[in-house]
Structures are given as structure tokens and as C-alpha cells.
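Accompanying notes for the structure given below.
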Amino acid sequence: MEYIKYRFFQKASKCSKEYQRLKAEHSDKVIANVTLGQILTGMKGIPLLVTDTSKLDPEEGIRFKGYSISELQEKLPRINPDGEPLPEGLFYLMLIGEIPSREDVNNLSKDWATRAHVPQHVFDVIDAMPKNSKPMTQFSAAILSMATESIFQKAYRAGVSKKYFWDSTYEDVMNLIARLPHIAAYIYRRNFHNEEHIEPNPRLDWAGNLAHMMGFDSEDIRRLFRLYMVIHADHEGGNVSAHTAHLVGSALSNVYYAYAAAMTGLAGPLHGFANQDVIHWIFEMIEALDTNTPSDKQIEDYCKFTLQEGRVIPGYGHAVLRKTDPRFTAQQEFANKYIKDDPIVDIVNQLYRVVPPILSEVGKIQNPWPNVDAYSGSLLYHYGIKEYSFYTVLFGVSRALGVLASLTIDRIYGMPIERPTSHPLKWYRDRVDPSTKENC
Ligand code: HAX
């Protein structure tokens, strides 16, 4: 067994035994009560899932295996001493639970480079779609079409014992992650650069290679992509994309099916599409106000107009967070360090001053603070990636790291098929308000 896989097996087997022991010995213990409000607001706050890669605190934000983003920036291996950490290192941390050495990260980069070959039929599937198919549609379809390569599916068909499911899942996960940059870049060049594709450079790291294949070779962009791929990688297990991958995977659907499904969830405006929506909305505002240097008052009025129209202010609010997202702050610090005088970045900073008091005034909004999507588009735009319909694909490439590490862990723990119970609305009403006679 190769080294990284063996390290994963060693560490995760212990946790797998613990999962099975808890199930056998403590299944009757009550963990939490559930209110009707939690059920009617999208199951918020109910502890229902086991996810070991990261944990989200409403006040503090995300921690990956206990490490905050700023701690990762300090501890994970980097290529340049003043650069951003390599996403390979974060994947190793989420999978194995230890901060990797530089050598571990190099091994992972090399491993992914050897697995990065994308079968031709995947590109054919992309090419068969009309150019006006959204980049996320092309991305999900391409991932789904790669299920032909699933090693798990072949092992399952050959009758392999369930205790080895993790092994072929691990292989699928590593292959899929290795291939995502080429698929993403192919879609980008197809849609926005006259189908002039760029071959991968196996000497580059995973994120650097993605930038390279998209046509961007400056150190500035590589630095941004490494940060971007780290901060978007995981957000515990309950968000739509992570939960979808887990749910679909729980039926023993292969990794390609599970991840394609996750990507269709990420494509929604309340989730990853928000990173496009933010830039789209800012441009709508610039056009409506006829200036790209609006005053705070003009922005305030435009926000109120957006709310009056029954729309959301994209990039603001969160289902769990109750403070400014540390992923927003990491990007703001990046901009403060490397970007001067950019009108869109300036507007994003201005919005951070103006929007929270307006959303707080509305009353019903739980979190008036910005999330990760409020900043990311302005950075990409600054460096020349202006085709914002593509931004969610970049989010999707990154999100694979956490979600697919989790899927591998799901398999080694032997997690069961997910199957919560549902009831008609009347069933709930009869429990809280039996005297009502409404017939629905
Ligand atoms: N602008 C206007 N209204 C907002 C709002 C915003 N930014 N955020 C929440 N609200 C509204 C909700 O639509 C909801 O209204 P109704 O009661 O009329 O349905 C009300 O405030 C209560 O919502 P909440 O409990 O505060 O928030 P939810 O958990 O229901 O939703 C969302 C969380 C992130 C979906 C929400 O804040 C939102 O729509 N934000 C804008 C879109 C966005 O930025 N999405 C990306 C989130 C981060 C992410 O997943 N990235 O991928």
C-alpha cells in the first residue's frame, strides 16, 4: 500500500473502531432535543451528522481539524516563505489528522500529477454541450461522465467485501481530485478563450497547475489560487454540497455520482452561486448609480432598494455563522497586502461598512455579516478572471478536498445509508396545536 494511503488507513482505522463501538454500546443515549422551529427552518442546529474534517463555530468560524485559517497559514507547508499554504497540505490534514511535512505535501502533489489524466470522453461530453450551458452544468456533467472510471464500482461488482470499500473509494477520490483542475480549466478555456486549451504542467502544484491551464502563470495568481483553494475546501458536513455528497454516497453511489450531485447543490444562489451573484449585483449597482466610486449613502440606498424588491444581498448572511466569516477576513487581508486601488475591491470593502447595519435593521436576518462569497469574486476579477459565471466552478474544485476526504472517512467508518423520517405537516401540527381545524 502506498505511503499516504497507509497513513490514512492506520489513523482512520482507530476512529472507525470507535465509531462502531459507540454505535454498539451507546445507541440509546439521547444527544439533543429537537424543536419544531428547527425542523421548519431547514434542520438548523440539530446535531445529525458525523464529519471529522472540520467544525464550524457560529462566532469563531471554521476550524480544520482544530486549526483556524490563520493557524493553517502559519503551519501548512508553502512553496515560497511569504506565500500561501498549499491545498495539498490541507487535504492531508483533513484526511490523516496531522500537519504534513513539506515532503508529505510533495508526495501528494506528485501522486495527484500521476493521476491527472482525464479520459477523452469527458472532454467530448463537455464539447457536446451548447456553449451557453452554464459552467457549473458542464462541470457536474463532466464529473458524472467520469463515473466510467470508478474503481469502487468495479470492485463492488466483483463482489468485494464491504470492509474494503474504503480502499477503492480512496482510489476514486484521489483520481477525481487530481483531474478536477484540468476539467475546470478546459471548461474555462472552451467558454471564454476560443477553445484554446493549455496542457497541464506536471511540475506545478495542484492549484498552480489549475491557474496555469486557465492561462494565468503569474506568481500573484498562484498565490491567490492557493489561498482560495484552502479557504473554500470544507465547512463541516451540514452545508448543501457536503451534505449532498454524504447523502448520495451513503447509498454506496460511487464518488463521481456523489460529487456531481454535490456540485448541482453548490450551483444554487443561496450556496456557491452567491460568489457570482455578488459581482453581478455590484455591476448592476454600478450601472444603476452610473458610477464605480459610489458614496456610502448611494450604496445604502441601493441595498434598501434591493431588499424592497424582495431580493437578498448576496454575500451576506449565513445559516450557521453569527460573525464576519474568517474566510472573508483572510481574503480582505490578502487584498490589503497585495492589491491597491481597485474599484471593485474598494466597493466590497465599502459594502462591509454599509450592509451589516441595514440587514440588522430588517430584524429577521440572523446574521448581517459577510460570508466567503462577499470577497472572492473581487479578487478573481482584479487578476483578470472576469468571467464570473465561472466562479462557482473554482469553488467546486476546492470543495472537493474536504467533501471527498469526508467520503473516504465515511467508507472506512462503515457509515450506513442515511434515512431520516418525514411526516405530513398535519402530523407536526397535531403535536403542537391539536385544536386547529385547518385542513392541510
Ligand atoms: N439579504 C436579504 N435577506 C436575507 C439575507 C440577505 N443577505 N440573509 C438572510 N435573509 C433573510 C432570509 O431570506 C429569510 O427571509 P424569509 O424569512 O423571508 O424567508 C430571513 O432573512 C431569515 O434568514 P436567516 O435565518 O438569517 O438565514 P438562512 O439560514 O435562512 O439563510 C443564507 C442563510 C446564506 C441562505 C441567507 O443569509 C442568504 O440568502 N444570503 C445571501 C446569499 C448568500 O450569500 N449565500 C451564500 C452563503 C454562504 C455559502 O454557502 N456559500 O457557498
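Along the sequence shown, residues are numbered consecutively beginning with 1. Computed over heavy atoms, backbone and side chain alike; hydrogens, waters and symmetry mates excluded. One-based numbering, in listed order, for ligands and for the atoms of each.
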Write 'none' if nothing qualifies; otherwise put on separate lines each N/O atom of ligand 1 with a protein N/O atom under 3.5 Å away and their distance to 0.1 Å.
{"unit_1": "ligand 1", "atom_1": "1 (N)", "unit_2": "Ile313", "atom_2": "N", "d": "2.9"}
{"unit_1": "ligand 1", "atom_1": "7 (N)", "unit_2": "Ile313", "atom_2": "O", "d": "2.9"}
{"unit_1": "ligand 1", "atom_1": "7 (N)", "unit_2": "Tyr316", "atom_2": "O", "d": "2.8"}
{"unit_1": "ligand 1", "atom_1": "15 (O)", "unit_2": "Lys364", "atom_2": "NZ", "d": "3.4"}
{"unit_1": "ligand 1", "atom_1": "18 (O)", "unit_2": "Lys364", "atom_2": "NZ", "d": "2.7"}
{"unit_1": "ligand 1", "atom_1": "26 (O)", "unit_2": "Gln366", "atom_2": "N", "d": "2.8"}
{"unit_1": "ligand 1", "atom_1": "29 (O)", "unit_2": "Lys44", "atom_2": "NZ", "d": "2.9"}
{"unit_1": "ligand 1", "atom_1": "40 (N)", "unit_2": "Tyr316", "atom_2": "O", "d": "2.9"}
{"unit_1": "ligand 1", "atom_1": "44 (O)", "unit_2": "Gly315", "atom_2": "N", "d": "2.8"}
{"unit_1": "ligand 1", "atom_1": "44 (O)", "unit_2": "Asn371", "atom_2": "ND2", "d": "3.0"}
{"unit_1": "ligand 1", "atom_1": "45 (N)", "unit_2": "Leu270", "atom_2": "O", "d": "3.0"}
{"unit_1": "ligand 1", "atom_1": "50 (O)", "unit_2": "His271", "atom_2": "ND1", "d": "2.9"}
{"unit_1": "ligand 1", "atom_1": "51 (N)", "unit_2": "Asp373", "atom_2": "OD2", "d": "2.7"}
{"unit_1": "ligand 1", "atom_1": "52 (O)", "unit_2": "His271", "atom_2": "O", "d": "3.3"}
{"unit_1": "ligand 1", "atom_1": "52 (O)", "unit_2": "His271", "atom_2": "ND1", "d": "3.0"}
{"unit_1": "ligand 1", "atom_1": "52 (O)", "unit_2": "Gly272", "atom_2": "N", "d": "3.4"}
{"unit_1": "ligand 1", "atom_1": "52 (O)", "unit_2": "Asp373", "atom_2": "OD2", "d": "3.3"}

His235 and His318 aromatic ring geometry - parallel, tilted or perpendicular at 30°/60° bounds = perpendicular

message = Can you give me the closest heavy-atom contact between Ile412 and Ser16, atom names plus distance?
response = O-OG, 2.6 Å

inquiry  = Between Trp166 and Phe152, is there a side-chain heavy-atom distance shorter than 4.5 Å?
reply    = no

query = What pairs with Pro130 under side chain to side chain contact (heavy atoms under 4.5 Å, CB included), at least two apart in sequence or on another chain?
reply =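 Side chain to side chain contact (heavy atoms under 4.5 Å, CB included) list for Pro130, sorted by chain: Asn132, Ser133.
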
inquiry  = Using the rule given for salt bridge (Lys or Arg N to Asp or Glu O under 4.0 Å), can you reason through Asp220 versus Arg223, listing the C-alpha separation, both sets of side-chain angles and the distance that settles it, and then say yes or no?
reply    = CA-CA 5 Å; Asp220 287 343; Arg223 189 191 292 120; 3.2 Å; yes

query = Can Thr392 and Asn275 be said to form a side-chain hydrogen bond (donor to acceptor under 3.5 Å, both in side chains), step by step?
reply = CA-CA 7 Å; Thr392 314; Asn275 67 7; 3.0 Å; yes

